[in-house]
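Worksheet for the structure shown next.
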Number of protein chains: 2
Amino acid sequence: MKYSKKERQLLLQQTITDNPFITDEQLASKFHVSVQTIRLDRMELSIPELRERIKDVAANNFESEVKSLPIDEVVGDIIDIELDERALSIFDVGEEHVFQRNRIARGHHLFAQANSLAVAVIDDDLALTAHSDIYFLKPVKAGQRVISKAVVTSNDKERKRTFVTVTSTVDGNTVFTGEFEMYRTKGSEHK
Amino acid sequence: MKYSKKERQLLLQQTITDNPFITDEQLASKFHVSVQTIRLDRMELSIPELRERIKDVAANNFESEVKSLPIDEVVGDIIDIELDERALSIFDVGEEHVFQRNRIARGHHLFAQANSLAVAVIDDDLALTAHSDIYFLKPVKAGQRVISKAVVTSNDKERKRTFVTVTSTVDGNTVFTGEFEMYRTKGSEHK
C-alpha cells in the first residue's frame with residue numbers, strides 16, 4: 001500500500017516510537033519508499049538517526065536500573081533491561097577489536113559484551129561468572145554491529161546461582177551463543 | 001644446608017639460569033636467607049629482578065615463533081611456547097582490569113589471556129576459537145600475577161580442529177580453566 005507523504009510521516013513517527021531501533025532500510029522497505037525519502041522524512045520530523053536514538057536510550061534510561069555494576073563497566077550499550085529477566089545491548093565492532101591480519105573480531109570482545117550483559121541483568125549488588133559455555137558461530141568483522149540478548153533461564157536459590165543464556169546476532173544471523181552460570185550474593189526473588 | 005656467600009651466589013646464578021621465573025621469595029626460602037639478601041646477591045651479580053627477566057624472555061624469543069597472530073596481539077606475555085604442544089604466558093592484573101566496586105578481575109580479561117594463548121599455540125596462519133567451556137574458580141585481584149598454561153590435548157584432522165586445555169593460576173592456585181576447540185586452516189602435523 002502506498003501512502004501520501006502526510007500519512008507516511010504520521011505512521012513513520014508512530015513506528016519509530018514503538019521500535020526506536022528500526023533502521024532506515026527497514027523503514028524504507030516497510031513504506032515502499034527509498035532510504036533517501038526516509039532520511040528526508042526524519043529530518044522534517046526532527047527524528048535523529050538510529051545511532052543517535054540508540055545512544056540516547058542507552059545513556060538515559062539504564063544508569064539507575066543496573067545494580068550489579070556501574071553502567072560504564074558494561075561492554076556495549078544497554079538498550080533494554082528488565083532485571084532478573086532479560087537484557088539487550090549493542091556493540092559496534094571497531095578496528096581496535098579485530099585481528100590485524102584478517103579483520104575478524106577477537107573472541108574476547110564478543111565474550112566481554114555477552115558476559116557483562118549476563119552480569120548486568122542480575123538484580124543483585126554482586127554477580128560473578130562461575131562457568132560459561134560459549135560458541136563462536138560466525139566471524140564478525142570490523143564495522144559490524146552486534147546485538148546481544150541475555151535471557152535469565154533459571155535460578156538455583158540454594159547455591160545462589162542464576163543461569164543466563166546470551167545470543168549475539170549481526171543482521172539477524174547468530175554469531176555467538178553462551179550459557180552463563182552466575183554467582184550472586186543474594187538469591188533471586190523470582191522463579 | 002647453609003652456604004657461604006660465594007657458594008650461594010654461584011648456586012643462585014645457576015638456579016636463575018635454569019628457571020628464570022623463580023621469585024626472590026622462592027630463592028630466599030631455597031637458600032634459607034632473607035629476601036633482602038637475595039636482592040643484594042642479585043645486585044652484586046647484576047641479575048635483573050624477575051619482572052625484567054620475564055620481559056626480556058617475552059620480548060626476545062617468541063616474536064618469530066608464534067604464527068597464528070602477531071605477538072603484540074597476545075594478551076599477556078608469552079614466556080614459553082612449543083607450537084602445537086604447549087605455551088605459557090604471564091598477565092599482571094592492573095586497576096584497569098578489575099571491577100571498580102570489589103577490585104575483582106573481570107572475566108573477559110582472564111578469558112582474553114587464555115583464549116589468545118590458545119590461538120598462539122596453534123602452528124597455523126589462521127586459528128579461530130569455535131567453542132570454549134570455561135570455569136572461573138577463584139576471584140583474582142588487582143596486583144596479582146596470572147600464569148596461564150595451554151596444552152594441546154588432541155587434533156581432529158578431518159574437521160581441522162585442535163583442542164587446547166588452558167589452566168590459569170595465581171601463586172599456584174588454579175583460578176581459571178578452559179577447554180578450547182580451535183578451528184585452523186590446515187590440519188596439525190602432529191598426533
Side-chain angles (χ1 to χ4, degrees), chain A residues 66-76 91 95-120 124-141 161 164 166 175-185, chain B residues 66-76 91 95-120 124-141 161 164 166 175-185:
Chain A
V66 174
K67 281 176 65 176
S68 56
L69 77 177
I71 205 158
D72 62 359
E73 292 193 338
V74 175
V75 176
F91 174 61
E95 294 297 331
E96 69 275 28
H97 304 119
V98 300
F99 287 110
Q100 297 163 32
R101 201 176 282 176
N102 47 35
R103 301 188 75 237
I104 293 175
R106 305 195 59 179
H108 62 270
H109 295 299
L110 299 183
F111 176 76
Q113 178 187 17
N115 192 40
S116 62
L117 198 63
V119 171
D124 209 312
D125 295 333
L126 176 74
L128 294 172
T129 309
H131 171 229
S132 174
D133 193 22
I134 56 183
Y135 289 86
F136 297 92
L137 300 170
K138 274 180 204 290
V140 177
K141 297 272 181 162
R161 303 295 166 107
V164 183
V166 180
V175 295
F176 170 97
T177 65
E179 301 290 331
F180 292 84
E181 181 184 336
M182 309 301 295
Y183 169 79
R184 61 198 296 166
T185 35
Chain B
V66 175
K67 281 175 67 176
S68 55
L69 77 177
I71 205 157
D72 61 0
E73 291 193 339
V74 175
V75 176
F91 174 61
E95 294 298 331
E96 69 275 27
H97 305 121
V98 300
F99 287 110
Q100 296 162 33
R101 201 175 280 176
N102 48 34
R103 301 188 76 235
I104 293 174
R106 305 195 58 177
H108 63 269
H109 294 301
L110 299 183
F111 176 76
Q113 178 187 18
N115 192 40
S116 63
L117 198 62
V119 171
D124 210 311
D125 295 333
L126 176 75
L128 294 173
T129 308
H131 171 231
S132 172
D133 192 24
I134 56 182
Y135 288 86
F136 298 92
L137 301 170
K138 273 180 205 290
V140 177
K141 297 273 181 163
R161 302 295 167 109
V164 183
V166 180
V175 296
F176 170 97
T177 64
E179 301 289 333
F180 292 83
E181 181 184 336
M182 310 301 295
Y183 169 78
R184 61 197 297 165
T185 34

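In this text the structure is predicted, and so the values were computed from the model without any measurement. Convention: sequence-line order gives letters A, B, ...; per-chain numbering from 1.
What you find for A/Leu128 and B/Phe99 is that their closest heavy atoms are CD2-CE1, 4.4 Å.
You'll find the side chain of A/Gln100 stays beyond 4.5 Å of the side chain of B/Leu69, heavy atoms only. Under the 4.5 Å side-chain criterion, counting only non-hydrogen atoms from C-beta, A/Arg101 is not in contact with B/Glu73.
In this structure, no portion of A/Leu137 lies under 4.5 Å from any heavy atom of chain B. Proximity to chain A (any heavy atom under 4.5 Å) is shown, for B/Ile134, by both the backbone and the side chain.
Comparing B/Thr129, B/Thr177, B/Asn102 by heavy-atom pairs within less than 4.5 Å of chain A, the highest count is held by B/Thr129. Counting heavy-atom pairs closer than 4.5 Å to chain B, the top residue among A/Glu179, A/His108, A/Glu181, A/His131 is A/His131.
Summarising the geometry, atom CE belonging to A/Met182 is positioned 9.0 Å from atom CZ belonging to B/Phe136; distances are rounded to the nearest 0.5 Å. Here B/Asp133 contributes atom CG and A/Tyr135 contributes atom OH; the two are 7.5 Å apart, rounded to the nearest 0.5 Å.
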